Amino acid sequence: MSTILVTGGTGTLGRRVTARLRAAGHEVRVLSRRSEQYPVDLRDGTGLDAAMAGAQVVVHCASSPRGGDDAAAGHLIAAARRAGTVTNLVYISIVGVDVVPLGYYRVKHRVERMLMESGLGVTILRTTQFHDLVAAVARTLAKVPAGPVPVPKGVRVQPIAVEEVADRLAGLAVPAAGGRVPDMGGPEVRLLADWVRAYLAADGGRRRRVVEVPLAGRAYRGFVRGGNLAPDHAVGTVRFADFLAEGGGRT
């Protein structure tokens with residue numbers, strides 16, 4: 001059994017990865033600024049050396065759309081080098097980070113490059129959007145108080161169950177690094193407008209009209225072109241309808 005460090009181990013994905021690794025008998029160290037055992041601040045690297053000591057595998061799930069992922073990765077890479085025991089740093093990324101010019105995606109892609117050029121053993125998994133994120137987007141769009149719900153026109157999404165991604169990440173958290181592994185996509189590609197309609201129907205049967213609205217900008221065009229999709233890697237089996245039927249994303 002390995003000693004595995006998980007960043008973002010209390011988040012939507014990280015806590016599921018942690019549970020699977022512990023169930024398999026591994027010693028898992030969950031990094032958090034509020035942790036009693038391993039108080040770590042990835043923003044400046046405080047506490048990383050103590051947490052990293054003796055670890056063989058790092059699963060890097062921590063991420064923030066507000067920025068700073070590249071700085072955090074730099075601290076993590078430096079600490080892994082100092083520890084000298086890490087043979088595999090596993091990173092969860094997003095399908096399309098290299099082709100959709102969204103600010104958050106650009107930073108995720110920069111982190112991928114940092115890892116690949118670090119000299120460490122690394123494994124990078126890209127996935128499509130989680131069911132939870134699609135539901136959150138639908139919920140936000142539906143907050144318009146009255147009238148139709150506006151949705152970006154022509155944007156398709158291929159949502160995947162976070163549980164399936166957690167299974168895959170836990171399977172990749174082994175001493176041998178895998179490099180860039182095949183992408184993971186959900187089982188269905190549909191317009192975001194369709195997913196929003198499904199969410200509204202499941203959320204108390206609301207029947208508000210959904211209207212597609214064209215937007216501007218390079219990032220929007222990247223989504224319309226399908227840069228966020230992985231139809232050739234539709235390995236997920238849990239459908240968005242299954243997620244909604246189990247109460248997922250409900251307000």
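What you are looking at is a predicted structure, and each value in this text was computed from that prediction instead of being measured. Along the sequence shown, residues are numbered consecutively beginning with 1.
Counting only heavy atoms from C-beta outward, the side chains of Leu89 and Thr123 never approach each other to under 4.5 Å. The closest side-chain heavy-atom distance from Leu31 to Leu48 is below 4.5 Å. Residues Val134 and Tyr199 are not in side-chain contact: their nearest non-hydrogen atoms beyond the backbone lie 4.5 Å or more apart. Considering only heavy atoms from C-beta on, Pro148 stays 4.5 Å or farther from Arg208 through its side chain. The shortest side-chain heavy-atom distance between Asp98 and Arg126 falls under the 4.5 Å cut-off. With a 4.5 Å cut-off on side-chain heavy atoms, Val149 and Val211 do not count as touching. Proximity of Thr237 to Pro187: side-chain heavy atoms (C-beta onward) are nowhere separated by under 4.5 Å. Looking only at side-chain heavy atoms (C-beta outward), Val151 and Leu141 come within less than 4.5 Å of each other.
Distance check, rounded to the nearest 0.5 Å: CZ of Arg20 to CD of Glu163 gives 6.5 Å. The NE2 atom of His109 sits 12.0 Å away from atom CD1 of Ile94, with the distance rounded to the nearest 0.5 Å. Of the inter-residue distances, the one linking Arg16 atom CZ with Cys61 atom SG reads 11.5 Å to the nearest 0.5 angstrom.
Taking hydrophobic clusters as Ile, Leu, Val, Met, Phe, Trp and Tyr residues chained together by side-chain heavy-atom distances below 4.5 Å, Leu200 shares a cluster with Leu133.
Distance alone, capped at 3.5 Å, places no donor-acceptor pair between the Ser2 side chain and the Gln56 backbone. Checked by atom type and distance alone, the side chain of Arg221 never pairs as donor or acceptor with a backbone atom of Val100 at under 3.5 Å. One N or O on the side chain of Tyr220 and one on the backbone of Lys153 form a donor-acceptor pair closer than 3.5 Å.
Every residue was checked against the side-chain hydrogen bond (donor to acceptor under 3.5 Å, both in side chains) condition with Glu188, not counting sequence neighbours, and none meets it. Phe240 meets the ring-ring contact (aromatic ring centres under 6.0 Å, His included) test with His131, Trp195, Phe243; sequence neighbours excluded.
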Working for side chain to side chain contact (heavy atoms under 4.5 Å, CB included), residues Val137 and Thr140: CA-CA 5 Å; Val137 169; Thr140 299; 5.8 Å; no
CA sep, side-chain torsions, deciding dist, call: His26, Thr3, side chain to side chain contact (heavy atoms under 4.5 Å, CB included): CA-CA 6 Å; His26 298 290; Thr3 298; over 6 Å; no
Candidate pair Val58 and Asn88, rule side chain to side chain contact (heavy atoms under 4.5 Å, CB included), full reasoning: CA-CA 6 Å; Val58 176; Asn88 188 13; over 6 Å; no
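In this structure, a donor-acceptor pair under 3.5 Å is absent between the side chains of Thr12 and Asp132. Under the 3.5 Å distance criterion, with hydrogens and angles disregarded, no donor-acceptor pair is assigned to the side chains of Ser64 and Tyr104.
Salt-bridge annotation for Glu27 and Arg29: present, with a side-chain N of the basic residue lying under 4.0 Å from a carboxylate O of the acidic one. A salt bridge does not link Asp69 with Arg43: none of the charged nitrogens is closer than 4.0 Å to a carboxylate oxygen. Ion pairing between a basic and an acidic side chain is recognised when a charged N comes within 4.0 Å of a carboxylate O; Asp183 and Arg180 show such pairing.
Grouped by direct or indirect side-chain proximity (heavy atoms under 4.5 Å, Ile/Leu/Val/Met/Phe/Trp/Tyr only), Val59 sits with Ile4, Val6, Leu13, Val17, Leu21, Val28, Val30, Val57, Val90, Ile92, Leu125, Phe130, Ile160, Val162, Val165, Leu169, Leu172, Val181, Met184, Val235.
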